[in-house]
Amino acid sequence: MTQLTSISFAETDIDQIAGHAGRIAVLVDPEGRLDAGARRVNKLMRGALARFVESPKFSKAKAGDAMTLAYPSGLAADAVDVVCMPKGVTKIQGRAAGASLAKVRGGADILILAAGNRHVAEIAYGAVVRDYRFDDHKSKPEPREGAIKVMCSKPDAAAEAAAPLLAIAEGAFMTRDLTNAPANVLTTTAFAEQLAEMKTLGLKVEVLDEDQLASLGMRTLLCVGQGSDSPSHVVVMRWDGGDKDAAPLALVGKGVVFDTGGISLKPGVGMEDMTMDMGGAGVVAGVMRSLALRKAKANVVGLVGIVENMPSGNAVRPGDVITSMKGDTVEVINTDAEGRLVLCDVMWYAQERFKPAAMIDLATLTGAIIVGLGHENAGVFSNDDALCNAFLKAAKTEGEGAWRMPLGQAYDDMLKSRIADMKNIGGRAAGSVTAAQFLQRFVQDGIPWIHLDIAGVASVKSETALAPSGATGWGVAALNRLVSDMFEKE
Ligand code: BES
Ligand code: MN
Ligand code: ZN
């Protein structure tokens, strides 16, 4: 797994500034006075920092932007990064400041002079979570060098505040690594094995094989994988950090390691992007990792359905009728609408086995959600306003876009089948909503449920606030926050 850049917190020692090799970052309020560290930098630079801060260039900076003064005289450092930090910046802007520093850092050691800044932990989080590169498959990767050192007024408190945030970063890195991995590397079996390794963190992990899935009756899940030479799996990850008898939150993820569309084959152009079709399962894994790392006081169970959707002589055909674990029959009109076939069985199993207090599923489920919401927001579908609003609030706090979409009987009616209980697609209209309606048929009465369609946000072509292009790790922070807001005991 991609390692976090190492980060440490220490008391401010202005005598170390002149000799620090690497980069030095100062946080500057355009309206305010320079803090003690910045004053020392300014003095050693013979006033160049103050001149820059007064310049028109710096006056155009937005909160969180970093601007570089290269090879400053009077300092051993190669650069001074001047971060715009007006009084009253938000946590999100604090993270943006850290992210700006991660982007300029290169492989250098960076010393961040944070003085008494109240967002020091958020700055640290931004610096670490943005410092991600997926170079597993570069034959000559750039070496991962350098560390982050933060000088601040209360280093112990800062380190304590940063620890749970670094747990989120580590979870998000796992999600990104999994979601970025090509399908010949992250096979169904390799995926299951990586999840099983999380036992070392104190998670209970079970890997179910095809025979077990067949005895459980998970035929809709199995039909998706039946055209592939790689075996299907369901992996159950449990974090029991809460009261012994408290019902868990269930997280369910779509883990299609590659989606060709099956017999309803996708067009060739862009098909390589379907290596990210296990993104929902990737987020579930990342959240479970974060919860274990920060020893969350909550019971959470993560279940992922891991399959590969391939065309072959054994593959499921359009027109086939399959019986789900619930017992409802599904007419498979389009084998490319496979995610819902995987999720419906895993969701049913999650409810039958764990009687969860609530259930949230995540899936790169529909191209239609990208048409609707682009890459800014995930689609949020829910049968429960309280749970849904709590999630939307958590996502907003974490800066992860999420937008509620409708559900309703008229959409459900679009799934009617002449020969079976339902079809697996609705038609061209409202494709994301009918997909959600399909899933809702597998939600038991009284279970608060959210479906997150993350097709547009799991992996993107340009960088986002806290991630380079590629897999984002969207959702790890929001779900982690939802757990602490709603499911964690004091
Ligand atoms: N994995 C895709 C959805 C997807 C599309 C994810 C683009 C990420 C980016 C899903 O399995 C799929 O193929 N959905 C179909 C459904 C259709 C056949 C009803 C789609 O969106 O076209
Ligand atoms: Mn598909
Ligand atoms: Zn898919």
Side-chain angles (χ1 to χ4, degrees), residues 175 178-180 183 186 188 191 220-221 223-228 232 252-283 304-311 315-320 330-346 361-379 381 405 411 414-415 417 422-439 451-461 469-472 474-475:
T175 303
L178 290 166
T179 306
N180 280 326
L186 192 76
T188 55
F191 195 174
T220 59
L221 180 145
C223 88
V224 175
Q226 80 192 31
S228 168
S232 301
V252 177
K254 167 180 173 181
V256 176
V257 296
F258 195 76
D259 181 13
T260 63
I263 298 298
S264 313
L265 193 65
K266 285 182 182 295
V269 175
M271 201 201 276
E272 68 280 4
D273 290 343
M274 286 302 115
T275 54
M276 54 72 101
D277 209 21
M278 34 52 65
V283 174
V304 294
I306 302 179
V307 303
E308 185 178 43
N309 188 19
M310 295 289 265
V316 66
R317 289 162 289 252
D320 285 1
V330 181
E331 183 186 7
V332 177
I333 301 295
N334 189 321
T335 65
D336 197 13
E338 84 297 343
R340 61 201 78 179
L341 299 174
V342 174
L343 286 171
C344 70
D345 272 348
V346 184
D361 77 79
L362 294 106
T364 49
L365 202 63
T366 66
I369 202 68
I370 310 177
V371 176
L373 300 176
H375 302 285
E376 310 306 319
N377 286 288
F381 300 81
M405 301 284 288
Y411 297 111
M414 292 158 79
L415 296 171
S417 160
M422 70 194 89
K423 299 186 294 189
N424 77 328
I425 59 169
R428 267 181 57 79
S432 305
V433 189
T434 51
Q437 289 301 155
F438 182 97
L439 297 178
H451 157 57
L452 298 171
D453 192 337
I454 63 170
V457 296
S459 182
V460 294
K461 303 275 183 224
S469 65
T472 59
W474 182 98

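Quick caveat, the model's predicted, so the values are computed rather than measured. Both counts, for ligands and for their atoms, begin at 1 and track the order of listing.
- With rounding to the nearest 0.5 Å, the separation of OG1 in T335 from CD1 in I425 is 10.0 Å.
- Contact of the C223 side chain with the L341 side chain is registered, since non-hydrogen atoms from C-beta on lie closer than 4.5 Å.
- Rounding to the nearest 0.5 Å gives a distance of 10.0 Å between OG of S264 and CD of E338.
- For ligand 1, the polar-atom distance check against K254 finds a nitrogen or oxygen pair separated by under 3.5 Å.
- Taking 2.8 Å as the threshold, D336 does not count as a candidate ligand of the Zn ion (ligand 3), since none of its N, O or S atoms lies below it.
- Side chains of S228 and F258 form no contact here, defined as non-hydrogen atoms less than 4.5 Å apart.
- Nearest protein heavy-atom neighbour of atom 1 (N) of ligand 1: D277 OD1, 2.8 Å.
- You'll find the side chain of F381 stays beyond 4.5 Å of the side chain of L439, heavy atoms only.
- The closest approach of D259 to the Zn ion (ligand 3), by N/O/S atoms, is made by OD2.
- Close contacts of ligand 1 with M274, meaning ligand atoms under 4.0 Å from a residue heavy atom, involve 1 (N), 5 (C), 6 (C), 7 (C), 8 (C), 9 (C).
- Among the atoms of E338, some N or O lies under 3.5 angstrom from an N or O of ligand 1.
- At a threshold of 4.5 Å between non-hydrogen side-chain atoms, the residues M271 and L265 count as touching.
- The two residues L343 and A363 come nearest to each other via the heavy atoms CD1-CB, 3.6 Å.
- Coordination check, L365 versus the Zn ion (ligand 3): failed, since every N/O/S atom of the residue sits at 2.8 Å or beyond.
- What sits closest to atom 14 (N) of ligand 1 on the protein, heavy atoms only, is L365 O, 3.5 Å.
- The nearest protein heavy atom to atom 22 (O) of ligand 1 is not closer than 4.0 Å.
- With respect to atom 2 (C) of ligand 1, the closest heavy atom belonging to the protein is D259 OD2, 3.6 Å.
- Within the 4.0 Å heavy-atom shell around ligand 1 one finds I370.
- Here the Mn ion (ligand 2) is the vertex; the OD2 atom in D259 and the OE1 atom in E338 give an angle of 100° (to 10°).
- In this structure, the separation between CE on M422 and OG1 on T434 is 13.0 Å, given to the nearest 0.5 Å.
- Shown in contact with T366 at under 4.0 Å from a heavy atom are these atoms of ligand 1, numbered in order with element: 3 (C), 21 (O).
- For D277, the N, O or S atom with the smallest separation from the Zn ion (ligand 3) is OD2.
- The option with the heavy atom closest to atom 5 (C) of ligand 1, from among S432, S264, A368, G367, is G367.
- The N/O atoms of A337, backbone and side chain alike, include none that comes under 3.5 Å of an N/O atom in ligand 1.
- Every atom of ligand 1 with a heavy atom of I425 under 4.0 Å away is listed here by number and element: 19 (C).
- Nearest N/O/S atom of E338 relative to the Zn ion (ligand 3): this is OE2.
- Closest to atom 18 (C) of ligand 1, if we only count protein heavy atoms, is N334 ND2, 3.5 Å.
- Here the protein heavy atom with the shortest distance to atom 16 (C) of ligand 1 is R340 NH2, 4.0 Å.
- In this structure, OG1 on T175 lies 8.0 Å from CE on M278, to the nearest 0.5 angstrom.
- The line from CG of D453 to OG1 of T364 is 8.0 Å long, rounded to the nearest 0.5 Å.
- When heavy-atom distances to ligand 1 are checked against a 4.0 Å cut-off, D336 comes that close through both its backbone and its side chain.
- Distance alone, capped at 3.5 Å, is enough to place a donor-acceptor pair between the T260 side chain and the N309 backbone.
- N424 contributes a side-chain N or O that, together with a main-chain N or O of N334, makes up a donor-acceptor pair within less than 3.5 Å.
- A donor-acceptor pair under 3.5 Å links the side-chain atoms of T472 to the main chain of A458, judged by distance alone.
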